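Please read these numbers as outputs of a predicted model, since none were measured by experiment.
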Amino acid sequence: KNQVEQSPQSLIILEGKNCTLQCNYTVSPFSNLRWYKQDTGRGPVSLTIMTFSENTKSNGRYTATLDADTKQSSLHITASQLSDSASYICVVSAEQAGTALIFGKGTTLSVSS
Amino acid sequence: SQTIHQWPATLVQPVGSPLSLECTVEGTSNPNLYWYRQAAGRGLQLLFYSVGIGQISSEVPQNLSASRPQDRQFILSSKKLLLSDSGFYLCAWSVQRNTEAFFGQGTRLTVV
């Protein structure tokens, strides 16, 4: 069964600190993996997208990694800001019939001053 | 540039009343269109997707239906709302099935 598991479920950090969010997936055949940021009450917005051959991709203070062998991805946030408070969703795309997008439940990040 | 519009932003409806949420996409042709629901503390659940006009696929059995009367218009409907239909509904589009999905701003539906 295709699944995407994210950890931790929630996280509280101080402004300026770094953090890392985890995503493990059992999706086959794998197509690509995306990280989305969803502010409260808003639609998700894409941060990064990685294909099978990509190991690291950065978008400003966000850096995503992908290990296709272990089927793990991480999203590292550097020098966190209050505006980073949001839900971060890992989405894996599978080559199969239908929409082929499998969503994780997200990690809720709270950055406090 | 492409944009997606979803409305209304919030909606409070009594049990048993009908529902119609509308989503339109601008700046692209023949997009894949999706309706998702996000319940509190849960991930996004795909409700419907469409690869073309009049082509609707349902992912889960439910009290809702979807229609695509025009290429860039996607409508989520219900004849009689249930309390369990409350949630955050998101419309999204993508160029192809496995490409990035772009989301609307969402509709917060509360059934009372």
Side-chain angles (χ1 to χ4, degrees), chain A residues 1-10 21 23-52 54 57 59 64 86-110, chain B residues 2-11 21 23-25 31-52 55-60 66 68 74 86-110:
Chain A
K1 181 180 179 181
N2 290 328
Q3 286 185 320
V4 176
E5 300 288 340
Q6 291 187 242
S7 62
Q9 184 176 1
S10 61
L21 314 180
C23 173
N24 296 337
Y25 61 93
T26 55
V27 176
S28 181
F30 174 86
S31 178
N32 56 62
L33 183 146
R34 306 176 183 86
W35 283 94
Y36 282 86
K37 178 186 179 186
Q38 184 178 21
D39 293 318
T40 301
R42 307 291 293 273
V45 175
S46 178
L47 293 175
T48 66
I49 178 171
M50 289 185 292
T51 59
F52 184 88
E54 296 177 296
K57 183 165 285 189
N59 178 1
S87 178
Y88 292 84
I89 304 171
C90 176
V91 184
V92 181
S93 179
E95 291 290 346
Q96 63 183 41
T99 68
L101 295 180
I102 297 96
F103 287 77
K105 293 183 178 181
T107 293
T108 301
L109 173 65
S110 299
Chain B
Q2 302 89 0
T3 57
I4 179 169
H5 302 281
Q6 184 182 342
W7 67 93
T10 59
L11 190 60
L21 302 182
C23 172
T24 60
V25 180
N32 287 358
L33 296 172
Y34 313 86
W35 278 111
Y36 288 89
R37 177 168 57 202
Q38 188 174 36
R42 302 184 64 180
L44 284 142
Q45 179 187 35
L46 178 64
L47 302 176
F48 301 96
Y49 70 93
S50 171
V51 298
Q55 300 178 61
I56 309 295
S57 296
S58 175
E59 288 291 297
V60 294
R68 185 170 178 174
F74 206 22
S86 294
F88 190 53
Y89 289 84
L90 287 158
C91 179
W93 75 272
S94 67
V95 173
Q96 296 177 7
R97 184 165 47 83
N98 290 337
T99 58
E100 179 179 356
F102 298 91
F103 289 84
Q105 291 303 298
T107 296
R108 172 72 59 191
L109 172 65
T110 304

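Taking the ring centroids of B:F48 and B:F74, they lie at or beyond the 6.0 Å cut-off.
Proximity to chain A is limited to the side chain of B:Q38, based on heavy atoms less than 4.5 angstrom apart. For B:A92, no part lies under 4.5 angstrom from a heavy atom of chain A. Only the side chain of B:L90 comes within contact range of chain A, with at least one heavy atom under 4.5 Å from a heavy atom of that chain. Heavy-atom distances place no part of A:Q6 under 4.5 Å from chain B, backbone and side chain included.
The only member of A:V92, A:L101, A:T48, A:L47 that meets side chain to side chain contact (heavy atoms under 4.5 Å, CB included) when paired with A:R34 is A:L101.
Using the six-membered ring where Trp is involved, A:Y36 and B:F103 have ring planes that are perpendicular, over 60° apart on the 30 and 60° scheme.
B:T107 places a side-chain N or O within donor-acceptor distance of the main-chain N or O of B:P8, the cut-off being under 3.5 Å. A side-chain donor-acceptor contact under 3.5 Å links A:T107 to the backbone of A:P8.
Ranked by heavy-atom pairs under 4.5 Å with chain B, the list A:P44, A:G43, A:S46 is led by A:P44.
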